Amino acid sequence: MLTLKFIQENKETVIERLKVKRFDAAAVVENIIELDNNRKSTQSEVDQQQSEMNSLSKEIGMLFKQGKAEEANVAKSKTAELKENIKSLNTKLNEINTQLDAELVKLPNIPHPTVPEGNSDEDNQVEKTCDANIPELGEGKLPHWELIKKYDIIDFELGTKIAGAGFPVYKGKGARLQRALINFFLDEGQKAGYNEVLPPILVNEASGFGTGQLPDKEGMMYHATADNLYLIPTAEVPVTNIYRDEVVKEEDLPLKTMAYTPCFRREAGSWGAHVRGLNRLHQFDKVEIVQISHPDKSYEALDGMVAHVENLVNKLGLPYRLLRLCGGDISFTSALTFDFEVFSAAQERWLEVSSVSNFENYQANRLKCRYKGKDMKKPELAHTLNGSALAVPRILAAILENNQTADGIKIPEVLVPYTGFDMIN
RNA sequence: GGAGAGAUGGCAGAGUGGUCGAAUGCGGUAGUCUUGAAAACUAUUGUACUGCAAGGUACCGGGGGUUCGAAUCCCUCUCUCUCCGCCA
């Protein structure tokens, strides 16, 4: 969330900038400022009365020690009213704080100045298109959901039997290729300086709140109610929460962490032609990269992450394009997001395979993730970033479709050391 | 799942219901000494809110209560450890 200080000092900017996100912030901002002012004055009233109470109590203590019980009892009688006041003021203060928190959570992150205007994904700005290697597939081309049947490498019906729609069973070379991609992504991440972790894939409420999935986007996650835990929709949640309530040393920045995890999304929306095959699943595998960055360096870090993802897609020989998300499509918590899409040549569609975002201090403020340098008096909020590097199933779909030949599916060269085979046939 | 013990500052570890935001040790920072380092010595060293400042207030796992006054007493929740059971 935005910091109170920032909202107080930049009221007009907040309202103005959030219009790019198609968010009318005026009422919320006004409300926040009023609540905050109210909070301050109430707090100082409480402090003052409490201060009186404290000195009175001390006095009573002294009097009792000196054996002046009578005087002490006189002083005692004076405390009742104070006590009552303090109690009711505190109740009021709690109410204000609850309301203030509720309002603060309503404001999305301020978009970066380079975020283009726009209402939907159709208005995203294409930064770069690299389509030289879109293959000519000819008449017999098959979409990946046909290919996986033909070669018997993924079984959707079996997954449906075991769990439900959207939970595929990868089989044989399909399973092997999936694992190859994960290992390839992790090895490349390692080379780029990311530290690998294998985090929990169930998280508690505090973690969900820290990265912004809760309280609003509760519906996207599977909820294990008996223990009040959530299945992660992305490794961003457990990995970023490593740094919740932490103060890291300035000289250790940037902290670069990555994790492979399965991801779970309820996606309680449409389930039709557009989401066939691997295009959208309830469970899928992903390698996620996360950085905790110095505020002055976070856009440099974002560029580095984009370059890393681009490198991965290039090595796999997939046609891709890079999008700068417009105000209407960028997420609630992000300041600037780049999406990578690969071209899936039989569906003749661009598929989103990565989303790389800078959250600036928006998540950090929720997480209380701060850094401190030697010459700093107080710790300051760090910046957080994350990106998929990469989401596996759609990459798999593109590989299957783009690399299909009459003899079978050709495995990209960089993956062969990982798969141990170079054709699926 | 059953039984018991515990949770105090970066860490270790005291703490009688009343000058306790909290002894002491270690660590950190600055300085003295030294050619330099170590050692020793001296000082300093939590966080948040609020205020121009002086200061004020809150925080001893979380929440509630008793009391003029709670780290200390009571209730409750969470977590950790030990033992038992179950188990990859």
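Lettering of chains follows the sequences in order, A, B, ..., and the numbering in each one begins at 1. Only a predicted model underlies this, so the values are computations on that prediction, with no experimental measurement involved.
When every heavy atom of A:P199 is checked against every heavy atom of A:V197, the shortest pair comes out as CD-O, 3.6 Å.
Ring-plane geometry between A:F340 and A:Y320 is classed as tilted, the angle between the planes lying from 30 to 60 degrees on a 0 to 90 degree scale. Classified by interplanar angle (parallel below 30°, tilted 30° to 60°, perpendicular above 60°), the ring pair A:Y222/A:F264 is perpendicular.
Side chain to side chain, A:Q363 and A:E236 meet the donor-acceptor criterion of an N or O pair below 3.5 Å. In this model, no donor atom of one side chain and acceptor atom of the other lie less than 3.5 Å apart for A:E81 and A:N85. Residues A:S207 and A:N204 have side chains that bring a donor and an acceptor to within less than 3.5 angstrom of each other.
Within the structure, every pair that satisfies the salt bridge (charged side-chain N to carboxylate O under 4.0 Å, His left out) test and touches residues 4-25 of chain A, not counting sequence neighbours, is listed here: A:K11-A:E30, A:E16-A:K19, A:R22-A:E117. Sorted by first and then second residue, the salt bridge (charged side-chain N to carboxylate O under 4.0 Å, His left out) pairs involving residues 90-104 of chain A (not counting sequence neighbours) are A:E103-A:K106. Listed by first and then second residue, the salt bridge (charged side-chain N to carboxylate O under 4.0 Å, His left out) pairs that reach into residues 174-201 of chain A are A:E188-A:K191, A:E188-A:K315, sequence neighbours excluded.
Partner of A:S344 under the side-chain hydrogen bond (donor to acceptor under 3.5 Å, both in side chains) criterion, out of A:R349, A:H144, A:E401: A:E401 alone.
Taking A:Y194 as the reference, A:H308 meet the ring pair (Phe, Tyr, Trp, His ring centres under 6.0 Å) condition, with sequence neighbours excluded. For A:Y243, there are no ring pair (Phe, Tyr, Trp, His ring centres under 6.0 Å) partners two or more places apart in sequence or in a different chain. Applying the ring pair (Phe, Tyr, Trp, His ring centres under 6.0 Å) test to A:Y371 and every residue at least two apart in sequence or in another chain returns A:H294.
A residue-by-residue look at A:S44 and A:M53 shows that A:S44 has its nearest nucleotide of RNA chain B further toward the 5' end.
Spacing between B:G10 and B:G4 at atom C1', rounded to whole Å, works out to 31 Å. Distance check on atom C1': B:U78 versus B:G61 gives 8 Å, rounded to whole Å. Comparing B:U67 with B:A54, their C1' atoms are spaced 32 Å from each other, to the whole Å. To the nearest whole angstrom, the two C1' atoms, one in B:G65 and one in B:U16, are 23 Å apart. Rounded to whole Å, the separation between the C1' atoms of B:A3 and B:C74 comes to 23 Å. A gap of 10 Å separates the C1' atoms of B:A14 and B:U8, to the nearest Å. Rounded to whole Å, the separation between the P atoms of B:A58 and B:C75 comes to 26 Å. Separation of the P atoms belonging to B:G51 and B:U45 is 24 Å when rounded to the nearest angstrom.
Rounded to whole angstrom, the span from the CG atom of A:L381 across to the P atom of B:A48 amounts to 11 Å. If you take NZ of A:K368 and C1' of B:G46, they are 18 Å apart, rounded to a whole angstrom. The distance from atom NZ of A:K5 to atom C1' of B:A48 is 15 Å, rounded to the nearest whole Å. Going from atom CD of A:Q8 over to atom C1' of B:U50 covers 13 Å, rounded to whole Å. For A:K372 and B:U29, the NZ to P distance is 11 Å, given to the nearest whole Å. Summarising the geometry, the separation between CD on A:E59 and C1' on B:U67 is reported as 18 Å, rounded to the nearest angstrom. When the P atom of B:G10 is taken as reference, atom CZ of A:R370 falls 11 Å away, rounded to whole Å. Rounding to whole angstrom units, NZ of residue A:K87 and C1' of B:U66 are separated by 11 Å.
Under the 6.0 Å distance and 45° angle rule, A:K173 counts as a cation-pi partner of A:F421.
The stretch residues 76-84 of chain A touches RNA chain B through A:K76, A:T79, A:K83, each having a heavy atom under 4.0 angstrom from the strand. Near RNA chain B, meaning a heavy atom under 4.0 Å away, the residues from residues 29-40 of chain A are A:R39, A:K40.
Remark: A:T3 OG1 to A:R366 CZ distance equals 13.5 Å, nearest 0.5 Å. Atom CG of A:D339 and atom OG of A:S355 lie 4.0 Å apart (nearest 0.5 Å). One distance of note links OG of A:S298 with CZ of A:F359; it measures 11.5 Å at 0.5 Å rounding. For the atom pair OH of A:Y418 and CD1 of A:I411, the computed distance is 14.5 Å after rounding to the nearest 0.5 Å. Interatomic distance, CG of A:L396 versus CD1 of A:I154, reported as 5.0 Å (0.5 Å rounding).
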Between protein and nucleotides 71-81 of chain B, what N or O pairs are separated by less than 3.5 Å?
none

Kindly give the atom pairs (protein nitrogen or oxygen, nucleotide nitrogen or oxygen) under 3.5 Å for nucleotides 54-58 of chain B.
| residue | atom | partner | partner atom | Å |
| --- | --- | --- | --- | --- |
| B:G56 | O3' | A:S51 | OG | 3.2 |
| B:G56 | N2 | A:D47 | OD2 | 3.0 |
| B:U57 | OP1 | A:S51 | OG | 3.4 |
| B:U57 | OP1 | A:N54 | ND2 | 3.4 |
| B:U57 | O2' | A:D47 | OD1 | 3.0 |

*Heavy atoms under 4.0 Å is the rule here; annotate nucleotides 17-23 of chain B 5' to 3' with B where the base is hit, S where only the sugar-phosphate is, and - elsewhere.*
-B-----
*In sequence, state the C-alpha distance, the side-chain angles, and the governing distance for A:K249 and A:E251, and then conclude on salt bridge (charged side-chain N to carboxylate O under 4.0 Å, His left out).*
CA-CA 5 Å; A:K249 287 191 203 139; A:E251 65 256 37; 5.0 Å; no
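In RNA chain B, the stems built from three or more successive Watson-Crick or G-U pairs (distances below 3.5 Å) are B:1-7 with B:78-84, B:10-12 with B:24-26, B:27-32 with B:40-45, B:46-50 with B:55-59, B:61-65 with B:73-77.
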